[in-house]
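Bear in mind that the values here come from a model prediction, so they are computed numbers and not experimental data. Naming convention: chains lettered A, B, ... in sequence-line order (proteins, then strands); numbering from 1 in each chain.
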Number of protein chains: 2
Amino acid sequence: MDAEPINDVFVADCPGRHVLDHVTSRWATLLIGALAEGPQRFYLLRDRIGGISEKMLSQTLRVLARDGLVAREVEPDSPPKVTYRLTPLGEELAAHLSGLIGWIAASTDDIITAQGRYDAAKSRS
Amino acid sequence: MDAEPINDVFVADCPGRHVLDHVTSRWATLLIGALAEGPQRFYLLRDRIGGISEKMLSQTLRVLARDGLVAREVEPDSPPKVTYRLTPLGEELAAHLSGLIGWIAASTDDIITAQGRYDAAKSRS
DNA sequence: CAGAATCCCAGCAGATACTG
DNA sequence: CAGTATCTGCTGGGATTCTG
């Protein structure tokens, strides 16, 4: 309501830039991508995302929950059951990231080929 | 052609994961986004991307060039002129990232609101 | 099972200075 | 203008341990 907030990601230290940093942080992209397949429990997420530690999983989850992208649901059972799901806002984001992830899967071979060309050109002084 | 290479980003240390790391690295997303607006000179990119240092700009540019996403063109003039442009592969990527950047610009306000709710709920012990 | 807390290190990234 | 080189610090993130 007050003036217009600067959400342009190209401007340093503006809110939009911080959002970009959250969303493209090392694990957030994979986490959103994993949750796009459906709500999941903590340990399932850990198994799905190769290489993530429990610390980074819970830390990233907390940031995304704070941003309103992920919802956390606790069923108070004897063995605690906690489920994470995307919020509607998170689903929108997931659509974009899933597209990106799909493109990577399809293009990685081309990129590796390009790397080979680049390295070969460099080694020829 | 040989077997199937593992390009699934969810698998640790596979080629696809490395590509994801490049593409979502701190500056690469903004750099691709900036180049999506058209080929640009070095100093223009630096001015466009708030907060980037020359070191990180040239470093990120080099990684993306190696991946075959960005092309570097030198006109050997007295004042050196170097232009960077997206390759066709880079254009494909830019389409995905521009969508993401647009979503962020549109959703940042919602996210800030969510952060406020989250923090308020926490402070009430 | 689902985390929080602590310790600790590698490497990302910034500042500065120099070069073609 | 368009970088590279070096130095250094800061912090992202891993390993481990502990709790409800």
May I have the list of side-chain donor-acceptor pairs in residues 84-95 of chain A shorter than 3.5 Å, sequence neighbours left out?
from	atom 1	to	atom 2	distance (Å)
A:Tyr84	OH	A:Arg72	NH1	3.3
A:Arg85	NE	A:Glu73	OE1	3.2
A:Arg85	NE	A:Glu73	OE2	2.7
A:Arg85	NH2	A:Glu73	OE1	3.1
A:Thr87	OG1	A:Gly68	O	2.7
A:Thr87	OG1	A:Leu69	O	3.3
A:Thr87	OG1	A:Leu89	N	3.4
A:Thr87	OG1	A:Gly90	N	3.0
A:Glu92	OE1	B:Trp103	NE1	2.9

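- Between the side chain of B:Gln40 and the main chain of B:Ala34, a donor-acceptor pair closer than 3.5 Å is present.
- Computed from coordinates, the A:Arg72 CZ to C:dA2 P distance equals 10 Å when rounded to whole Å.
- In this structure, the side chain of B:Thr24 does not engage the main chain of A:Ser25 through any donor-acceptor pair within 3.5 Å.
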- Item | A:Arg66 and B:Asp119: CA distance, side-chain angles, deciding distance, side chain to side chain contact (heavy atoms under 4.5 Å, CB included) verdict | CA-CA 8 Å; A:Arg66 179 167 183 266; B:Asp119 293 342; 2.7 Å; yes

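- Near-neighbour residues of DNA chain D inside residues 38-47 of chain A, defined by a heavy atom below 4.0 Å, are absent.
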- Message: One pair to check against side chain to side chain contact (heavy atoms under 4.5 Å, CB included): A:Leu30 and B:Arg17. What are the steps and the verdict?
- Response: CA-CA 10 Å; A:Leu30 291 168; B:Arg17 177 70 73 86; 3.5 Å; yes

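- Side chain of B:Ser53 to backbone of B:Met56: a donor-acceptor contact under 3.5 angstrom is found.
- In this model, the phosphate group of D:dA2 is not approached by any side-chain N or O of B:Ser58 to a distance below 4.0 Å at OP1 or OP2.
- Taking the side chain as every heavy atom from C-beta outward, A:Leu57 and A:Trp27 never approach each other to under 4.5 Å.
- Going from atom CD of A:Glu73 over to atom C1' of C:dA2 covers 15 Å, rounded to whole Å.
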- Take nucleotides 13-20 of chain D nucleotide by nucleotide from the 5' end and write B, S or -, depending on whether a protein heavy atom sits under 4.0 Å from the base, only from the sugar-phosphate, or from neither. BBB----B

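- Rounding to whole angstrom units, CG of residue B:Leu57 and P of D:dA2 are separated by 10 Å.
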- Message: Before you tell me yes or no, could you show the steps for B:Asp67 and B:Val19 under side chain to side chain contact (heavy atoms under 4.5 Å, CB included), namely the whole-Å CA-CA distance, both residues' side-chain angles and the distance that decides it to 0.1 Å?
- Response: CA-CA 8 Å; B:Asp67 288 349; B:Val19 171; 5.7 Å; no

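- Across the protein-nucleic acid pair, A:Leu61 atom CG and C:dA2 atom P stand 11 Å apart, rounded to whole Å.
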